Each structure stands twice: as C-alpha cells, then as structure tokens.
Asks: 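Pasting a structure here, questions to come.
Since the structure is predicted, the reported quantities are computational estimates derived from the model, not experimental observations. If you read the sequence from its start, that first residue is 1, and numbering goes on from there.
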Amino acid sequence: QVQLVESGGGLVQTGDSLTLSCAGSGRTFSSYAMGWFRQVLGKEREFVAAISWSGGNTIYADSVKGRFTISRDNAKKRVYLQMNSLKPEDTAVYYCAANHGLVVVADEYDYWGQGTQVTVSS
C-alpha cells in the first residue's frame with residue numbers, strides 16, 4: 001500500500017512559478033507510476049501529468065505542456081510538479097496519485113493524496 005501527501009500549494013500571481021511535492025510511503029513506492037491531477041469545484045478531476053516508475057517516460061496534458069514538468073526521486077520517495085508561467089485557469093486543487101501503469105484516466109489510479117490548493121491570481 002502507498003500513502004501520499006501533497007505539499008507546496010499556495011497563492012501566486014499570473015506568470016509565477018510553483019513546485020508541488022508529493023511524499024510517498026511504503027516499500028513499493030518506486031514500482032508505481034505517478035500522476036498529477038487537478039480539480040476545480042463542480043468539475044471532473046483533470047489529468048495534468050504522469051511519470052513512469054523509472055522516470056524515463058512522461059505524459060502531459062496539452063494545457064500544461066511546455067509549462068509544467070513532472071519528476072521523481074525514488075530514493076526520497078517523492079514526486080514533483082514544477083509549474084511555470086502559471087495562469088488563472090491553473091487554479092485548482094492538485095492531487096498526486098499512484099498506479100502500476102502510465103495512464104491518464106483518474107479511475108485507473110489506485111492511491112490518492114489529499115490534495116493541495118493552487119490559486120493563481122490575475
């Protein structure tokens with residue numbers, strides 16, 4: 001089993017950068033692909049980015065491609081989401097999730113963190 005805790009959210013201005021961190025626990029953390037999703041109240045959870053267990057493969061949503069970077073450090077059991085050139089439409093609660101495959105569908109992820117709020121003011 002994997003437990004996930006996100007951190008690093010906050011209030012920033014348009015164009016700013018922010019790095020989210022997801023701390024994992026469990027001996028099998030490094031065997032999981034990891035994803036970041038975001039959700040606005042009243043809307044469905046939206047895929048943002050995912051990274052394979054080794055870090056060798058990544059996938060990004062078109063809306064964040066070129067601005068966001070996902071990375072991981074298996075020794076520290078952490079996954080990061082570096083967010084640059086933030087826009088007001090990036091405002092959401094951001095969640096990290098774990099799954100055995102590199103997928104973009106939220107329902108296919110097995111474990112979730114509690115989320116961290118990111119607010120981008122215009």
Asks: According to ring pair (Phe, Tyr, Trp, His ring centres under 6.0 Å), who are the partners of Tyr111, at least two apart in sequence or on a separate chain?
Replies: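 Applying ring pair (Phe, Tyr, Trp, His ring centres under 6.0 Å) to Tyr111 gives Tyr32.
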Asks: State whether the number of non-hydrogen atoms from other residues, nucleotides or ligands found under 6.0 Å of Gln114 atom CD is greater than 12.
Replies: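 Counting neighbours around CD of Gln114, more than 12 heavy atoms of other residues, nucleotides or ligands fall under 6.0 Å, so yes.
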Asks: Does any N or O in the side chain of Asp73 come within less than 3.5 Å of the main-chain N or O of Lys76, such that one atom is a donor and the other an acceptor?
Replies: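 Yes.
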Asks: How long is the straight-line distance from SG of Cys22 back to OH of Tyr80, given to the nearest 0.5 Å?
Replies: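 It comes to 10.0 Å.
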Asks: Distance check, rounded to the nearest 0.5 Å: Ser63 atom OG versus Glu89 atom CD?
Replies: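 The distance works out to 9.0 Å.
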Asks: With sequence neighbours excluded, what pairs up with Lys65 under the salt bridge (charged side-chain N to carboxylate O under 4.0 Å, His left out) test?
Replies: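 Checked Lys65 against salt bridge (charged side-chain N to carboxylate O under 4.0 Å, His left out); matches are Asp62.
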Asks: Are Phe68 and Leu86 packed together at the side-chain level, in the sense that at least one heavy-atom pair is separated by less than 4.5 angstrom?
Replies: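 They are in side-chain contact.
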Asks: Do Leu81 and Val48 have side chains that approach each other closer than 4.5 Å (heavy atoms only, starting at C-beta)?
Replies: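 When only atoms from C-beta onward are counted, Val48 and Leu81 do touch, with a gap below 4.5 Å.
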Asks: Can Ile51 be reached from Ile59 by stepping across I, L, V, M, F, W or Y side chains whose heavy atoms are under 4.5 Å apart?
Replies: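 No; Ile51 is not reachable from Ile59 via cluster members.
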Asks: Just wondering, do Lys87 and Ser122 contact through their side chains at under 4.5 Å, heavy atoms?
Replies: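 Answer no - side chains too far apart.
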Asks: Donor-acceptor pair, Ser85 side chain versus Arg67 backbone, under 3.5 Å?
Replies: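 Not confirmed, Ser85 side chain does not pair with Arg67 backbone.
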Asks: For residues 94-105, which side-chain donor-acceptor pairs fall under 3.5 Å, sequence neighbours excluded?
Replies:
{"residue": "Tyr94", "atom": "OH", "partner": "Arg38", "partner atom": "NH1", "Å": "2.9"}
{"residue": "Tyr94", "atom": "OH", "partner": "Asp90", "partner atom": "O", "Å": "2.6"}
{"residue": "Asn99", "atom": "ND2", "partner": "Gly101", "partner atom": "O", "Å": "2.7"}

Asks: Keeping to residues at least two apart or across chains, list the disulfide bond (SG atoms under 2.5 Å apart) pairs with something in residues 49-84.
Replies: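 Qualifying pairs: none.
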Asks: May I ask you to establish whether Arg45 and Trp112 are in a cation-pi arrangement, using a distance under 6.0 Å from NZ or CZ to the six-membered ring centre and at most 45° from the ring axis?
Replies: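 Cation-pi check for Arg45 and Trp112: passes.
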Asks: Give the cluster check for Trp53 versus Val79: same hydrophobic cluster or not, with ILVMFWY residues linked at side-chain heavy-atom distances below 4.5 Å.
Replies: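 They do not share one cluster, since no chain of ILVMFWY contacts under 4.5 Å joins Trp53 to Val79.
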Asks: Ile70 versus Trp36: any side-chain heavy-atom pair under 4.5 Å?
Replies: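 Ile70 reaches Trp36 side chain to side chain.
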Asks: Indicate yes or no: at least one non-hydrogen side-chain atom of Leu18 is less than 4.5 angstrom from one of Val118.
Replies: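 Side chain of Leu18 against side chain of Val118, heavy atoms only: contact under 4.5 Å found.
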Asks: Would you mind listing every side chain to side chain donor-acceptor pair (under 3.5 Å) that reaches into residues 14-24, with sequence neighbours excluded?
Replies: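 As it turns out, the side chain to side chain donor-acceptor pair (under 3.5 Å) pairs with a partner in residues 14-24, which skip direct neighbours, are Ser17-Asn84, Thr19-Gln82, Ser21-Arg78.
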Asks: Apply ring pair (Phe, Tyr, Trp, His ring centres under 6.0 Å) to Phe47 and list each qualifying residue two or more places apart in sequence or on a separate chain.
Replies: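 Phe37.
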Asks: State whether a side-chain donor-acceptor pair under 3.5 Å links Thr119 with Gln117.
Replies: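 On atom types as modelled, these side chains qualify, holding a pair under 3.5 Å.
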Asks: With a 4.5 Å heavy-atom cut-off, do Phe29 and Met34 have their side chains touching?
Replies: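 The answer is yes; the side chains approach within 4.5 Å.
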Asks: Does one hydrophobic cluster hold both Tyr109 and Leu4, with members joined at side-chain heavy-atom distances below 4.5 Å?
Replies: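 Tyr109 and Leu4: separate clusters.
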